[in-house]
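Just so it is clear, the model here is predicted, and its values are computed rather than measured. Quick note: numbers below take in every heavy atom, side chains included, and nothing from hydrogens, waters or symmetry partners.
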Amino acid sequence: MTNFQVAHRDKQEPTAALLVRVIVCFALFLGGLALIGVGSYGTPAEDLGSALTFGGGILLIGLSFGLPMMGAHER
């Protein structure tokens with residue numbers, strides 16, 4: 001079993017940078033939900049664009065969760 005620990009930062013980032021990161025990730029999440037909604041109107045067998053839009057929405061939501069974790073790594 002591994003002991004995963006987030007690397008401790010000696011210096012805290014400025015509040016403005018954290019706020020911008022939260023807003024960007026939230027906007028990516030909402031954009032991904034919108035793409036999933038738009039892509040779900042068509043059937044994938046008939047329209048390849050709706051399937052790609054739906055898949056893009058899933059990738060965008062994954063990116064919105066992955067961006068905040070970029071600084072975390074195992075020691």
Side-chain angles (χ1 to χ4, degrees):
M1 189 177 251
T2 63
N3 292 329
F4 178 77
Q5 295 178 347
V6 177
H8 179 70
R9 294 186 181 186
D10 295 328
K11 184 178 178 184
Q12 182 69 25
E13 293 182 30
T15 305
L18 292 175
L19 183 64
V20 168
R21 185 182 303 158
V22 167
I23 291 172
V24 166
C25 289
F26 188 67
L28 286 174
F29 181 77
L30 289 180
L33 286 179
L35 285 178
I36 287 175
V38 169
S40 66
Y41 277 115
T43 57
E46 295 174 0
D47 188 17
L48 180 63
S50 65
L52 291 176
T53 305
F54 189 86
I58 291 174
L59 289 175
L60 208 60
I61 288 177
L63 182 66
S64 73
F65 282 106
L67 282 178
M69 296 301 295
M70 284 178 51
H73 61 279
E74 210 169 334
R75 288 186 196 191

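Cluster annotation: Leu30 and Ile61 are assigned to the same hydrophobic cluster (Ile/Leu/Val/Met/Phe/Trp/Tyr, side-chain heavy-atom contacts under 4.5 Å, transitive). Connection of Phe65 to Leu35 is not established within any shared hydrophobic cluster, with ILVMFWY side chains joined at heavy-atom distances below 4.5 Å, either directly or through further cluster members. A continuous path of ILVMFWY side-chain contacts below 4.5 Å connects Phe54 to Phe29, so both sit in one hydrophobic cluster. Hydrophobic clustering (ILVMFWY, side-chain heavy atoms < 4.5 Å, transitive): Leu67 and Val20 are in one cluster. Transitive grouping of hydrophobic side chains (ILVMFWY, heavy atoms separated by less than 4.5 Å) brings Ile58 and Phe26 into a common cluster.
Atoms OG1 and CG, on Thr53 and Leu48 in that order, are 9.0 Å from each other to the nearest 0.5 Å.
The two residues Cys25 and Ser64 make their nearest non-hydrogen contact at O-CB, 3.4 Å. Gly32 and Leu60 make their closest contact through N-CD2, 3.5 Å (heavy atoms, listed as atom of the first residue, atom of the second, distance).
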